Each structure stands twice: as structure tokens, then as C-alpha cells.
There are 2 protein chains.
Amino acid sequence: MTDDVRIRILSVDDHPLIREGIAAVIANEPDMELIAEASTGREAIQRFREYRPDVTLMDLRLPDISGIDSLIEIRAVNSDARVIMLTTFEGDAEIERALRAGAQGYMLKSMPRKQMLETIRRVHAGKKHIPSEVAALLAEHVGEESLSKRELEVLQKIAGGNRNSDIASLLYISEETVKGHVRNIMEKLGASDRTEAVAIGLRRGMIHL
Amino acid sequence: MTDDVRIRILSVDDHPLIREGIAAVIANEPDMELIAEASTGREAIQRFREYRPDVTLMDLRLPDISGIDSLIEIRAVNSDARVIMLTTFEGDAEIERALRAGAQGYMLKSMPRKQMLETIRRVHAGKKHIPSEVAALLAEHVGEESLSKRELEVLQKIAGGNRNSDIASLLYISEETVKGHVRNIMEKLGASDRTEAVAIGLRRGMIHL
DNA sequence: TAGAAAATCAACCCTTTCGAGGGATTACCG
DNA sequence: CGGTAATCCCTCGAAAGGGTTGATTTTCTA
């Protein structure tokens, strides 16, 4: 048994049950080893510094820092870090941000063990791995214009029940400008009104409540 | 070793990782035994009929039938069935529906193992068990009027980006009636406009996208 | 680093829709 | 019977939404 070739894994998730599940799946694999766990983003970065895992499994939503921000931090520590995002099905916007931030893989909690293990092995081998369901979701919106920073800000305010005039005050711009942003948002998302724009933004993971 | 006093458990969740986690947690307990698993609502009802578990752990959202509807089905088979809902934090509306439908316990995926095991033991002993965080969430809205069936229908249509006149056609009622419903909805939810009403409805688990 | 492209800001006009008032009728349920 | 839900009607001012144009700044890229 050559212990030193084992893939050293760090798992990050705030749900004990999930971490337990990951531990159980990995425990059965002779070529893998769970070396550390974390339940928050801050802890994840800490553990990464200490253990330098070969592969990090990271939940997208964590109580303190978001999974994506944690991922960025970790890659700042080591730009070769191999990180796999692990989530239930979120919107395509989150997935894209994760990949753009440098995630090598994307794993769904609904995937069978076999596929999860394969993903870990492939990513450890230096390949990127995105499940076909996820790829299909991404493909649905390729070429579409994405919302600008400002537009996302405005959309978030709309979701909070603010009128255009309220948003204008909050962002220190004129109401006319807000209306312009709102029109662009609806146009880009294909929404028929502001309410649907919020619904689509939420579904696609662009904004959160 | 008295095998026959073991708590016989059925776990229902569409995420293999979660089922794996549950299995791992239970495996360490001498007084519990995982006798069956299911990944869909239909399968859950089937397994319940076959195995008659002492306690059923059921995820709130399942691919086919919702966890609540599965719960109702199961309690139709056996009104003494002890079922614990297992979810990430959803809105208070879902929790209330689950409890109203006869769930004896509510378990959060973010709970530590110890509390989970305690919940299982308490529910098996015939007691109800709701974690304090969940109870607090429920308490936040006690006494508040809940949305009527029709109002929920209207709210769902609003979320889809429909105008009042569209909703009127869809539901075969006049636009004036729709406006009346919309006003009641905003009043009851404390929303300043229809968009915020949708946001609140989503957050509290009254509607889904 | 110069120039193009995008984002942001702002203004005009005009139509449609919303949201807040008011009040009223039917039907069902405990 | 009282309460609640659901239905419908009217008015009216305030927002939202659609079209267009243009100036300024930022950002990207050739």
C-alpha cells in the first residue's frame, strides 16, 4: 500500500450531515484521504494554509464568507489549488462566477457517489470537470449579455420593494437613470416587468434575498 | 445485545451524499438501525409500506412528490407514523404546513449529530421535537393572517411576471378582483409593492419559482 | 497608449399599469 | 348568525414601462 500517493482532501460545508457523507464516501476509497474539514469560509482558508490539500471540496453557500470568495482567497494563497464546488442546483450565474474564479470542478449534491469520486480523481489529475447537467445549464445562456454591477445593484433594490425614486435616492442618481437601468435589466433577462426580473435574477443566482 | 429494541429508520432524500451522511451517523448508534432508503416521494411511500419503520427522516423537497405530500400519504397508510422533516432552513410557511400535516419533528441539516440523534430518540418515544431556531422562526409570524388559497394562486402568477389583467384572464375573474387580492396580499405580508410581496412569499416558503 | 466599446448618467414624451380609496354582493362554514 | 373568502364596480393619482437621444466616464483591447 503506497500511502503517499493518496489524494489529500479538505471538505468545506456548514452542514455536519454533508461532511459526514463526504467522509463516508471517501473512507471507502483506498486512493483518497480526508485530511481536514471546515464549516465556514474563514475556517476553510485557515485549514487550507495548514494542510495544503490536493483537492478542496467547497460548498457554495457558507455562513460567513461565500464559497466563491473563499475560493478566491484560497487561490490567492496557492494559485495551483484545485477546488471543486459542491452545491445543490443553483443558478447559472453562480456557476459561472465559480468557474471564472478558478474552480476546476463542479459537483452536485444530487450526483451518485461514483461520479463524485470520478470528479475528484479527474480534478486531482489536473483536468477540469463539469457535469453535463451543469454544462447544459450554462449553455442555455451563452452569448446573452450579463448584468452590469450597477444593474445588479438596482435589481437587488427592486427585490427589496423599492420604487424607482427610492432607488434613485439610495444610489445617489436620478430617477431617470434608474428607469434606464430597469429597462436594460428587463431587456437582458427577458422579463415582462420588474417582478419577473427579480424572479429570474433569483432563479439564476444573480441576486439573493 | 437486544436487537429488537433498535429504532428502525427509513431515510428519504434525493441527495446520495445526505443519505450517506445519515447512514454514517446512525451506524455508530447501537440503538438505531437504518432499514431502508428512498430518493423520491413515491419510493418513500413504497418503502414505508414494505418496512413500516419506527421513524422516517424525510427531506422537504423531493424530485417527484413534495416531502409534505409524501408525509400525508404515509400518514394515510399509518396514522401513527412518526416522521421527522429534514431540511436546510426553509421559510416558516413550509414548516407550518409540515407540522400541520402531522410531522412529529423538524430537523435542520445544519444541526450537529448529537441533536439529530436526540431528535430521533425523542420522536421515537412519542414526543414532538422542534429545534429552538425553528420554533423562533415560527413564533415570528404567529397571529398573522395567512394567505388564502386564491391569494397564493395570485401571488404565484405575479411572480411569473403577469399583469393584473393577465391574471384575471388566467383565473377567469375580473381585473378588479385581482386587484383586491393583490391588495390583501401586500397588506398581509407587509409588502410595499407586488415585487416585495413575491420576495417575501419566496423567503417564507409560500411560493416557489 | 490611442481608440473603440461599454457602462453610467440624464433628459424628454407618452401610454399603461398599479396601488389606495371607497363600497357592495354572494356563498360557505362553524 | 357572524366571520371569512371571493367576487365585482368606480375613481384617481402615482408609478412603471416604452421609445429615443445624448453626454461623460471607465474599461478593454488592438
Side-chain angles (χ1 to χ4, degrees), chain A residues 72 93 96-97 99-102 141-202 206-207, chain B residues 93 96-97 100 141-202 206-207:
Chain A
I72 291 169
E96 232 185 295
R97 270 197 295 158
L99 295 178
R100 207 184 300 284
H141 300 286
V142 284
E144 287 177 25
E145 278 181 296
S146 57
L147 295 194
S148 73
K149 212 168 190 169
R150 199 56 155 175
E151 285 163 351
L152 283 176
E153 268 183 289
V154 171
L155 185 56
Q156 188 74 59
K157 301 288 183 207
I158 294 174
N162 294 288
R163 288 168 305 192
N164 289 338
S165 60
D166 295 336
I167 300 172
S169 312
L170 288 167
L171 301 181
Y172 305 109
I173 54 181
S174 87
E175 183 176 344
E176 286 306 314
T177 303
V178 174
K179 288 174 96 172
H181 287 314
V182 173
R183 247 183 304 115
N184 285 332
I185 291 168
M186 292 192 297
E187 166 80 39
K188 286 183 181 176
L189 299 185
S192 59
D193 65 14
R194 53 171 52 217
T195 304
E196 194 183 11
V198 168
I200 293 171
L202 287 169
M206 297 170 164
I207 54 168
Chain B
E96 233 185 294
R97 268 197 296 159
R100 210 184 299 283
H141 300 286
V142 284
E144 287 177 26
E145 279 181 295
S146 57
L147 296 194
S148 73
K149 211 168 189 170
R150 199 55 155 173
E151 284 163 352
L152 283 176
E153 268 182 290
V154 171
L155 185 56
Q156 188 74 57
K157 301 289 182 207
I158 295 174
N162 293 289
R163 288 169 304 195
N164 289 338
S165 60
D166 295 335
I167 299 172
S169 311
L170 289 167
L171 300 182
Y172 304 108
I173 54 181
S174 86
E175 183 175 344
E176 288 306 315
T177 305
V178 175
K179 288 173 107 175
H181 288 313
V182 173
R183 255 193 305 158
N184 286 333
I185 291 168
M186 292 192 297
E187 167 81 36
K188 286 183 180 176
L189 298 185
S192 59
D193 65 16
R194 52 172 51 216
T195 304
E196 196 184 10
V198 167
I200 293 171
L202 287 169
M206 296 169 164
I207 54 168

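In what follows, every chain begins at residue 1, and chains take the letters A, B, ... in the order their sequences are listed. Side chains included, hydrogens not; waters and symmetry mates left out as well; all remaining heavy atoms used. Bear in mind that the values here come from a model prediction, so they are computed numbers and not experimental data.
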>> Under the rule for salt bridge (Lys or Arg N to Asp or Glu O under 4.0 Å), what residues qualify as partners of A:E96, not counting sequence neighbours?
In response: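 So A:E96 forms a salt bridge (Lys or Arg N to Asp or Glu O under 4.0 Å) with A:R100.
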
>> Using the salt bridge (Lys or Arg N to Asp or Glu O under 4.0 Å) criterion, which residues pair with B:E145? Sequence neighbours excluded.
In response: none

> Do any of residues 144-158 of chain A sit with a heavy atom less than 4.0 Å from DNA chain D, and if so which?
Replying inline: none

How long is the span from the [atom1] atom in [X] to the [atom2] atom in [Y], to the nearest 0.5 Å?
X	Y	atom1	atom2	result
B:I173	B:E153	CD1	CD	8.5 Å
A:S192	A:I200	OG	CD1	8.0 Å
A:L155	A:S148	CG	OG	10.5 Å
B:I185	B:R150	CD1	CZ	11.0 Å

> From the 5' end of DNA chain D to its 3' end, which nucleotides mark the outer limits of contact with chain A, defined by a 4.0 Å heavy-atom distance cut-off (strictly under)?
Replying inline: D:dA15 to D:dT20

> Is any side-chain nitrogen or oxygen of A:T177 closer than 4.0 Å to OP1 or OP2 of C:dT8?
Replying inline: no

>> Among residues at least two apart in sequence or on other chains, which ones pass side-chain contact (heavy atoms from CB on, under 4.5 Å) with B:A159?
In response: B:V198, B:I207

> Among all residues two or more places apart in sequence or in another chain, which pass the side-chain contact (heavy atoms from CB on, under 4.5 Å) test with B:L170?
Replying inline: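 B:L170: side-chain contact (heavy atoms from CB on, under 4.5 Å) contacts with B:K157, B:N162.
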
>> What's the angle between the local helix axes at either end of the helix from C:dT1-D:dA30 to C:dG30-D:dC1, using five pairs per end and rounding to 10 degrees?
In response: 70°

>> Looking at every non-hydrogen atom in both residues, tell me the closest pair between B:L189 and B:G201 and how far apart they are.
In response: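 Looking at all heavy atoms of both residues, the closest pair is CD1-N, 4.3 Å.
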
>> Quick check on contacts: within residues 161-174 of chain B, what sits under 4.0 Å from DNA chain C by heavy-atom distance?
In response: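 Going residue by residue through residues 161-174 of chain B, the ones with a heavy atom under 4.0 Å of DNA chain C turn out to be B:R163, B:N164.
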
> Between B:D193 and B:E175, who's closer to the 5' end of DNA chain D by nearest nucleotide?
Replying inline: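 First, find each residue's nearest nucleotide; the 5'-ward one identifies B:E175.
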
> Do the side chains of A:I167 and A:H181 get nearer than 4.5 Å, heavy atoms only?
Replying inline: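 No - every pair of side-chain heavy atoms lies 4.5 Å or more apart.
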
> With a 4.5 Å limit on heavy-atom distance, are the side chains of A:L171 and A:V154 in contact?
Replying inline: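 A side-chain contact under 4.5 Å exists here.
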
> Among pairs that include at least one residue of residues 191-200 of chain B, which meet salt bridge (charged side-chain N to carboxylate O under 4.0 Å, His left out), considering only residues two or more places apart or in two chains?
Replying inline: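 As it turns out, there is no salt bridge (charged side-chain N to carboxylate O under 4.0 Å, His left out) pair with a partner in residues 191-200 of chain B once direct neighbours are skipped.
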
> For residues 162-189 of chain A, which residue pairs qualify under salt bridge (charged side-chain N to carboxylate O under 4.0 Å, His left out), counting only residues two or more places apart or in two chains?
Replying inline: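 As it turns out, the salt bridge (charged side-chain N to carboxylate O under 4.0 Å, His left out) pairs with a partner in residues 162-189 of chain A, which skip direct neighbours, are A:E151-A:K188, A:R163-A:D166.
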
> With the sugar-phosphate defined as primed atoms, P, OP1 and OP2, and the base as all remaining atoms, what B/S/- string results for nucleotides 20-30 of chain C, 5' to 3', for protein heavy atoms under 4.0 Å?
Replying inline: BBB--------

>> Using modelled atom types and a 3.5 Å cut-off, is there a donor and acceptor pairing between side-chain atoms of B:T195 and backbone atoms of A:I158?
In response: no

>> Can you list everything that forms a side-chain hydrogen bond (donor to acceptor under 3.5 Å, both in side chains) with B:S174? Sequence neighbours excluded, please.
In response: B:T177

